[in-house]
Q: 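So that we are looking at the same thing, I have put the structure below in structure tokens.
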Protein chains: 2
Amino acid sequence: MRDLSNDIGLLAINTATVKQWPLEKLIEACYERGIRAITPWRHDIERAGLAAARSWFNDAGITVTGYCRGGFFTYANEAGRVASDEDNIRALEEATELGAKGMALVVGGLPEGSKDLGGAHEQVAEGIARLLERAKSLKTPILIEPLHPMVAANRACVNTLKHALDLCDRIDPDVSGYLGVAADVYHLWWDPELKAQIKRGGKDRLLAFHVCDWLVPTRDMLNDRGMMGDGIIDIRRIRGWVEDTGYDGLCEVEIFSDANWWTKDGGDVLDACIARHQTVV
Amino acid sequence: MRDLSNDIGLLAINTATVKQWPLEKLIEACYERGIRAITPWRHDIERAGLAAARSWFNDAGITVTGYCRGGFFTYANEAGRVASDEDNIRALEEATELGAKGMALVVGGLPEGSKDLGGAHEQVAEGIARLLERAKSLKTPILIEPLHPMVAANRACVNTLKHALDLCDRIDPDVSGYLGVAADVYHLWWDPELKAQIKRGGKDRLLAFHVCDWLVPTRDMLNDRGMMGDGIIDIRRIRGWVEDTGYDGLCEVEIFSDANWWTKDGGDVLDACIARHQTVV
């Protein structure tokens with residue numbers, strides 16, 4: 001297992017973690033601290049302009065690790081499907097222009113008015129299959145991110161690593177390298193199958209590892225995530241399982257926190273991320 | 001599949017659904033409406049007195065379907081384990097004195113200060129195994145109730161039907177009839193393995209079927225459950241899977257609802273339960 005106690009090269013910051021800052025300021029502050037990897041959200045890039053954002057990243061020598069995000073493959077009608085496909089292709093083109101190492105997929109929940117979970121699962125599988133063709137031609141991998149079951153209805157109906165890997169095996173049986181998963185401890189920590197499924201996924205499918213923490217109590221189903229060490233997830237144990245597969249990628253911090261971290265100075269948030277990366281992750 | 005469109009005999013009411021009323025009033029109101037099955041919580045029985053409660057149920061000809069609840073098997077130290085065991089035995093004795101058909105188990109989350117999920121799983125397995133001996137001697141079945149993963153940390157670290165059935169098979173390989181599961185659509189609807197696991201569990205393990213609905217949005221992780229039909233769960237489809245196993249038991253309504261149903265007149269809540277039982281469940 002890798003020793004992170006003096007590391008900063010394996011730390012990546014998702015821009016949502018410091019959403020109180022615009023992208024340029026975050027890039028500067030990461031650069032000053034030696035952080036060399038950022039995953040931006042689309043709205044950050046839209047605000048900054050893609051060309052400007054790309055040059056900021058390049059100038060600072062910062063890797064664009066991921067791009068948040070594509071997905072929302074489920075639809076109530078054909079127009080919805082077309083709009084989803086077009087939006088996903090645009091997102092993937094943006095990710096490619098930024099040089100992102102991959103694009104995360106939040107797959108979508110039940111379509112408006114629908115109770116057909118099995119149908120939604122099929123829409124997701126077919127949508128990912130269509131997008132994978134573009135991912136191969138653009139040479140930018142797409143990563144299914146299973147989200148916590150508490151958001152199954154409205155955000156993502158793929159909620160376990162097993163389900164995500166089943167989709168990978170079905171859609172991409174030859175393991176092209178362009179379809180994998182993003183494993184986020186926040187969404188997956190509770191699953192008794194997690195260790196076995198991480199092993200099953202292996203280095204070829206586990207393309208990203210995200211960290212934060214589960215707070216007790218959790219006061220909001222979206223925006224009450226904790227800083228690593230402030231909750232109940234045994235992050236290091238899970239990282240061990242991930243690294244046992246040969247995973248040699250980054251540990252990306254993605255914290256949504258209305259009541260706490262989003263109210264603080266962005267620099268303090270980054271300093272906390274570094275400290276916890278080195279002591280808790 | 002059973003036709004519930006004119007049914008009332010298969011409807012059971014969990015007392016938490018009408019917690020605005022004391023037990024005696026709920027029993028009376030159920031009797032008046034033809035409802036003949038109730039699952040009480042322990043605090044209802046404590047308030048009423050066990051002997052009084054039993055005579056009310058008997059006089060009204062109402063079956064005590066379940067008893068809420070035992071469990072919380074996880075502990076931080078030996079004193080915690082002893083207290084949990086003693087409390088569970090008391091609860092099971094109460095259930096037996098009431099003539100309850102079974103007692104539900106909310107297994108407990110992580111012990112205070114612990115991040116050891118695997119250890120918690122073991123404590124749960126061992127606690128259930130100890131309690132099963134008493135269940136056999138008292139002839140009152142115990143039912144593992146997998147809860148939604150959003151309460152894994154603080155209420156129940158068994159969150160899928162598969163995990164609950166794995167525990168049953170491990171602890172009670174001979175299928176004594178005294179260990180099974182309570183399948184609640186609220187906790188399990190999102191699981192892509194649900195249909196297969198219901199089939200696997202079969203009539204010998206599926207000892208209770210609970211209904212309510214998942215609201216979008218859900219505003220509280222404990223007390224924002226919906227009345228059947230007001231959310232996104234395809235309850236009838238799941239009931240079909242359950243009845244395909246030969247399940248011939250009740251459909252128990254358990255709704256925690258701070259903002260809505262708990263603010264209404266109890267009689268209106270019961271009438272809504274009957275109407276939705278006949279049209280949505």
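Each chain gets a letter, A, B and so on, in the order the sequences are listed, and its residues count up from 1.
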Q: Dump the table of donor-acceptor contacts under 3.5 Å between chain B and chain A, or return none if there are none.
A:
residue, atom, partner, partner atom, Å
B:K162, NZ, A:E193, OE2, 3.1
B:E193, OE2, A:K162, NZ, 3.1

Q: Please identify, among A:P149, A:A153, A:G113, A:P217, the residue contributing the most non-hydrogen atom pairs under 4.5 Å to chain B.
A: A:P149

Q: In Å, rounded to the nearest 0.5 Å, how long is the span from CG of B:L165 to CG of B:L179?
A: 9.5 Å

Q: For the CD1 atom of A:I233 and the CE atom of A:M228, what is their distance to the nearest 0.5 Å?
A: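 Nearest 0.5 Å value for the CD1-CE distance: 11.0 Å.
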
Q: Output the distance between atom CD1 (B:I144) and atom CG (B:L167), rounded to the nearest 0.5 Å.
A: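 One finds 5.0 Å between CD1 of B:I144 and CG of B:L167.
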
Q: Out of A:V151, A:L110, A:I235, which one racks up the most heavy-atom pairs below 4.5 Å with chain B?
A: A:L110

Q: Distance from A:L11 atom CG to A:L4 atom CG, nearest 0.5 Å?
A: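 One gets 9.0 Å once the value is rounded to the nearest 0.5 Å.
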
Q: From A:L143 CG over to A:L105 CG, what is the distance, rounded to the nearest 0.5 angstrom?
A: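 Going from the CG atom of A:L143 to the CG atom of A:L105 covers 7.0 Å.
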
Q: I need the residue from B:G118, B:P192, B:G109, B:G231 with the largest number of non-hydrogen atom pairs under 4.5 Å to chain A.
A: B:P192

Q: Check B:V106 against B:A156 and note the closest heavy-atom contact, atom names and distance.
A: CG1-CB, 4.2 Å

Q: Calculate, to the nearest 0.5 Å, the distance between atoms SG and CG belonging to B:C168 and B:L207 respectively.
A: 8.0 Å

Q: Restricting to non-hydrogen atoms, name the atom on A:L188 and the atom on A:L161 that form the minimum distance, rounded to 0.1 Å.
A: CD2-N, 3.9 Å

Q: With a 4.5 angstrom heavy-atom cut-off, is it the side chain or the backbone of B:L117 that approaches chain A, or both, or neither?
A: side chain

